[in-house]
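Quick caveat: nothing in here was measured; it's all calculated off a predicted structure. Values below: all heavy atoms of this structure, side chains included; hydrogens, waters and symmetry mates excluded. Chain A is the first sequence line, chain B the second, and so forth, proteins listed ahead of strands; every chain is numbered from 1.
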Protein chains: 2
Amino acid sequence: MFRSSGCADPDFGPHNSRNGKDIHSISILRTFHRDQDVFECDHRCDWWYRIVSGATRKYRIRSDGRRQIADIHLPGDFFGFSSNEKHGFSVQAIVEGTTIACYPRRMTEALADSDPSVARLIRMGTFAAIERLEQQMLVVSTTSAPERVKAFLVHFRDRVGRSGEDGLALPITRYDIADLLGLSTETVCRAFTDLRERGAISLEGPRQVTIIRPGSGKD
Amino acid sequence: MFRSSGCADPDFGPHNSRNGKDIHSISILRTFHRDQDVFECDHRCDWWYRIVSGATRKYRIRSDGRRQIADIHLPGDFFGFSSNEKHGFSVQAIVEGTTIACYPRRMTEALADSDPSVARLIRMGTFAAIERLEQQMLVVSTTSAPERVKAFLVHFRDRVGRSGEDGLALPITRYDIADLLGLSTETVCRAFTDLRERGAISLEGPRQVTIIRPGSGKD
DNA sequence: CGTTTGCTTGATGTCACTCAATACATGTGG
DNA sequence: CCACATGTATTGAGTGACATCAAGCAAACG
């Protein structure tokens with residue numbers, strides 16, 4: 001359905017561990033259906049996660065009933081970190097068949113204590129999560145709606161891993177984009193057509209976008 | 001000027017280290033003037049930081065000249081983490097005399113490799129940073145301007161460390177709040193008066209706020 | 001300088017509707 | 001019983017009309 005980023009991840013190959021146990025051996029792989037929960041907001045933080053293939057959304061239902069999406073996770077992304085007892089967010093699979101590596105938290109922390117390379121790996125994962133959120137913050141705070149959508153597209157393309165070609169296949173609906181950017185679906189639709197008419201993007205289909213002029217209004 | 005949270009931090013007291021070196025001994029304390037740069041966006045990420053007292057803003061200048069504030073750091077907060085060579089953001093002191101503990105990155109990473117408790121400390125700091133950003137995301141994405149300001153106030157009060165009293169002293173100007181929330185200063189002002197007239201907050205002064213009804217529209 | 005208010009214009013949310021694609025159950029004829 | 005068509009409901013996407021809210025400018029206030 002959309003370009004799978006696969007498992008091409010240099011950081012996550014087999015690595016030297018001093019005691020035989022590595023981070024792979026303590027993880028379990030789970031596959032999720034579309035819209036299936038990975039965890040809910042009131043669950044305990046007993047696991048860490050990493051996307052192998054597919055995509056997930058981290059969201060929260062506001063008191064007024066709106067759904068706020070805080071993050072989209074793509075292959076290679078870590079998530080589920082928390083210093084509290086419970087995550088404040090729920091996470092759902094977006095794509096049918098999303099595969100996620102699940103790491104039991106206590107065991108992984110113990111492994112990190114004994115193996116500095118594991119600690120380093122987790123550290124890099126959290127650093128990447130911080131940068132993802134910071135970029136996301138810039139995108140969300142873009143004032144004009146079309147520019148916000150465009151910033152999202154550029155950011156998303158950069159995350160998917162630019163492979164030279166310009167075509168970008170969105171795994172998410174307009175509704176998801178709206179809840180991620182704090183806009184209404186209608187405004188997102190209008191932003192897409194606006195960007196297309198102004199020549200900033202071209203649409204081969206609703207989910208198939210080509211960014212033509214990423215320069216204007218990049219940040 | 002505003003309530004100093006001081007240094008009351010259990011995690012950061014002297015801790016057991018196996019080789020005599022602890023994270024305190026490799027850090028240096030620096031004091032900054034108001035609006036003085038801690039680092040700029042194109043600088044290399046050679047240091048990690050932690051606020052001891054005062055406050056800082058992490059910001060970035062957009063291509064259209066607007067200043068986007070991505071985070072406010074308060075005492076106890078770690079910042080400066082990045083998996084890239086350079087931070088994409090600049091950080092400035094907000095409060096005169098802001099004191100920051102600076103940790104040389106390579107040395108701290110080496111210390112983390114040899115001392116699991118240091119690695120754990122850094123991990124907790126990054127987890128807290130992630131949660132800060134996620135909460136910030138929820139605040140920024142609140143649709144209505146008054147509700148967004150109110151969400152900011154509630155979030156900020158929770159971060160400053162609720163000590164029972166309701167009074168909240170803001171270390172930052174309306175302009176900073178505007179750039180943090182993606183609003184104009186005028187709209188922030190109007191939101192303050194609107195919240196005051198509706199009885200949600202009371203203002204003892206421009207920087208002295210009391211949150212009366214945090215419940216409505218909390219998230 | 002930081003904060004606040006009034007006024008106007010423009011942008012966005014809301015409501016309503018259309019359109020296309022899909023899935024699923026039902027019906028019909030061989 | 002099976003193959004194939006039809007009707008219906010559902011979902012995602014796009015558009016238009018209208019009211020509302022926030023930005024921008026100006027000016028006053030402390």
- line: Those residues at least two apart in sequence (or on a different chain) that pass ring pair (Phe, Tyr, Trp, His ring centres under 6.0 Å) with A/F152 are A/F156

Set of side-chain contact (heavy atoms from CB on, under 4.5 Å) partners for B/T185, sequence neighbours left out: B/Y175, B/A178

query: Is there any salt bridge (Lys or Arg N to Asp or Glu O under 4.0 Å) pair reaching into residues 81-102 of chain B, and which pairs are they, with sequence neighbours excluded?
result: B/R44-B/E85

- request: If a pair satisfies salt bridge (Lys or Arg N to Asp or Glu O under 4.0 Å) and one of its residues is in residues 183-194 of chain A, list it, with sequence neighbours excluded.
  value: A/D194-A/R198

query: What residues, two or more places apart in sequence or in another chain, satisfy ring pair (Phe, Tyr, Trp, His ring centres under 6.0 Å) together with A/W48?
result: A/F81, B/F127

task: Describe the nucleic acid contact of A/R148 in one word from base, sugar-phosphate, nothing, applying a heavy-atom distance below 4.0 Å.
output: nothing

field: Residue whose nearest DNA chain C nucleotide is more 5′ - B/R34 or B/E197
entry: B/R34

statement: Interatomic distance, CG@B/D158 vs CG@B/L153, rounded to 0.5 Å, equals 11.0 Å

query: Closest heavy-atom contact between A/T210 and A/G167?
result: OG1-CA, 4.0 Å

field: Close residues, residues 174-183 of chain B, relative to DNA chain C [heavy-atom separation under 4.0 Å]
entry: B/R174

task: Take nucleotides 25-30 of chain D nucleotide by nucleotide from the 5' end and write B, S or -, depending on whether a protein heavy atom sits under 4.0 Å from the base, only from the sugar-phosphate, or from neither.
output: B-----

- prompt: Could you give the CG-to-C1' distance, from A/L195 to D/dG14, as a whole number of Å?
  reply: 15 Å

task: Extract, from 5' to 3' on DNA chain C, the first and final nucleotides lying under 4.0 angstrom from some heavy atom of chain B.
output: C/dG2 to C/dC7

statement: Taking five pairs at each terminus, the helix from C/dC1-D/dG30 to C/dG30-D/dC1 shows an axis bend, to 10°, of 40°

- prompt: Going by the salt bridge (Lys or Arg N to Asp or Glu O under 4.0 Å) test, which pairs reach into residues 173-182 of chain A, not counting sequence neighbours?
  reply: A/R57-A/D176, A/R67-A/D176, A/R67-A/D179

- prompt: When we call it a touch if two heavy atoms are under 4.0 Å apart, what does A/S184 touch: a base, just sugar-phosphate, or nothing?
  reply: base

- request: Using atom CG of B/D194 as one end and atom P of D/dA23 as the other, report the distance to the nearest whole Å.
  value: 14 Å

message: Considering only residues two or more places apart or on different chains, which pairs with a residue in residues 128-142 of chain B satisfy salt bridge (Lys or Arg N to Asp or Glu O under 4.0 Å)?
response: A/K58-B/E134, B/D71-B/R132, B/D77-B/R132

message: So, using ring pair (Phe, Tyr, Trp, His ring centres under 6.0 Å) as the criterion, who are the partners of A/Y59 when residues are at least two apart?
response: none

Pair B/V38-B/W47, side chain to side chain contact (heavy atoms under 4.5 Å, CB included): steps then yes or no: CA-CA 10 Å; B/V38 178; B/W47 297 80; over 6 Å; no

message: Applying a 4.0 Å non-hydrogen cut-off, can you work out what A/T185 is touching in the nucleic acid: base, sugar-phosphate, or nothing?
response: nothing

task: Scan A/F78, A/Y103, A/F39 and name whichever one has a ring pair (Phe, Tyr, Trp, His ring centres under 6.0 Å) with A/Y49.
output: A/F39

query: Would you say the side-chain atoms of A/S141 pair up with the backbone N or O of A/L138, donor to acceptor, closer than 3.5 Å?
result: no

